[in-house]
Amino acid sequence: MKREEFNNLVYHIVSIIPYGRVTTYGQIALMLGTPQCSRQVGCALHNAPEYFELPCHRVVSSMGRLVPDWHEQRTLLSNEGVYFKDNGNVDLGRSIWRWNATDIWEKRYKV
DNA sequence: GACGTGACAGCGC
DNA sequence: GGCGCTGCCACGT
């Protein structure tokens, strides 16, 4: 898999995240078949051109933690009806996007 | 081409 | 459940 392909796939996946749902870097990496490249997902989004208009605010870390120093992200998510916990993290159990019949995340987050 | 950096995940405490 | 350490890989300098 080339870098460019990897990035394009990341952009594609992010672009199809449904409204009001979130997903994680690790999940995207898993979908690409490279679960060890979670950091690259974040890196790809960081380098994503603005005109892609990606809903990258719907991508959070595996713990539901938001992007550091990007407070607008929380506003955007809450506007979409995403659930938050008391500690300010996203409630993945309620708002994670299950892209398929995979039960990995159901087990992990006890959906 | 080498080195430092980072929008992370996983594991242990 | 929260915090810190380590491994990972692409990017920018």
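Residue numbers start from 1 in every chain, and the chains themselves are labelled A, B, ... in the order their sequence lines are given, proteins ahead of strands. Predicted, not measured: the structure shown is a model, and the values here were computed from it.
- Y83(A) OH: 12 or fewer foreign heavy atoms inside a 6.0 Å radius.
- For N87(A), taking side-chain heavy atoms from C-beta onward, the closest of the listed nucleotides dC8(B), dA7(B), dG2(C) is dG2(C).
- Looking at heavy atoms from C-beta onward, F6(A) lies in side-chain contact with T34(A) at the 4.5 angstrom threshold.
- Picking from dA7(B), dC8(C), dC11(C) the nucleotide with the shortest atom distance to the side chain of W70(A) gives dA7(B).
- For V67(A), the side-chain atoms get nearest to dA7(B) when compared with the rest of dC11(C), dA7(B), dC8(B).
- Using a 4.0 Å heavy-atom cutoff across all strands shown, P68(A) reaches sugar-phosphate atoms only and no base atom.
- Comparing dA7(B), dC9(C), dG12(C) by their closest approach to the side chain of Y25(A) singles out dA7(B).
- Side chain of R39(A), nearest nucleotide from dA9(B), dA7(B), dC8(C): dC8(C).
- The phosphate of dC11(C) has OP1 or OP2 within less than 4.0 Å of a side-chain N or O from N7(A).
- Out of dA9(B), dC11(C), dC8(C), the shortest distance to the side chain of S61(A) is found at dA9(B).
- Remark: R39(A) fails to qualify as a cation-pi partner of Y25(A) under the 6.0 Å distance and 45° angle criteria applied to the six-membered ring.
- R58(A) is linked by a salt bridge (charged side-chain N to carboxylate O under 4.0 Å, His left out) to E80(A), counting only residues two or more places apart in sequence or in another chain.
- When the nucleotides dA7(B), dC11(C), dC9(C) are ranked by their closest atom to the side chain of Q36(A), dC9(C) comes out on top.
- Counting all heavy atoms, side chain and backbone alike, S61(A) lies closest to L92(A) at O-CD1, 4.3 Å.
- When each of dA7(B), dC8(C), dC8(B) is scored by its nearest atom to the side-chain atoms of R65(A), the top-ranked nucleotide is dC8(B).
- The separation between Q27(A) atom CD and dG10(B) atom C1' is 16 Å, rounded to whole Å.
- For L92(A) and dC8(B), the CG to C1' distance is 14 Å, given to the nearest whole Å.
- Take the nearest nucleotide of DNA chain C for S38(A) and for F6(A): the residue whose nucleotide is more 5' is S38(A).
- Here the C1' atom of nucleotide dA7(B) and the CG atom of N47(A) are 10 Å apart, to the nearest Å.
- With distances taken from any side-chain atom of Q40(A) to the nucleotides dG6(B), dA7(B), dC11(C), the minimum falls on dG6(B).
- Listed nucleotides: dG12(C), dG10(B), dA7(B). Nearest to the side chain of S62(A): dG10(B).
- Whole-Å rounding puts the F52(A) CZ to dA7(B) C1' distance at 17 Å.
- Here the side chain of Q73(A) pairs a donor or acceptor atom with the backbone of V67(A) at under 3.5 angstrom.
- Rounded to whole Å, atom P of dA10(C) lies 12 Å from atom CG of L32(A).
- In this structure, R58(A) atom CZ and dA7(B) atom C1' are separated by 17 Å, rounded to whole Å.
- What separates CE of M63(A) from P of dG10(B) is a distance of 10 Å, to the nearest Å.
- One atom, CD1 of I28(A), and another, P of dC8(C), lie 22 Å apart when rounded to the nearest Å.
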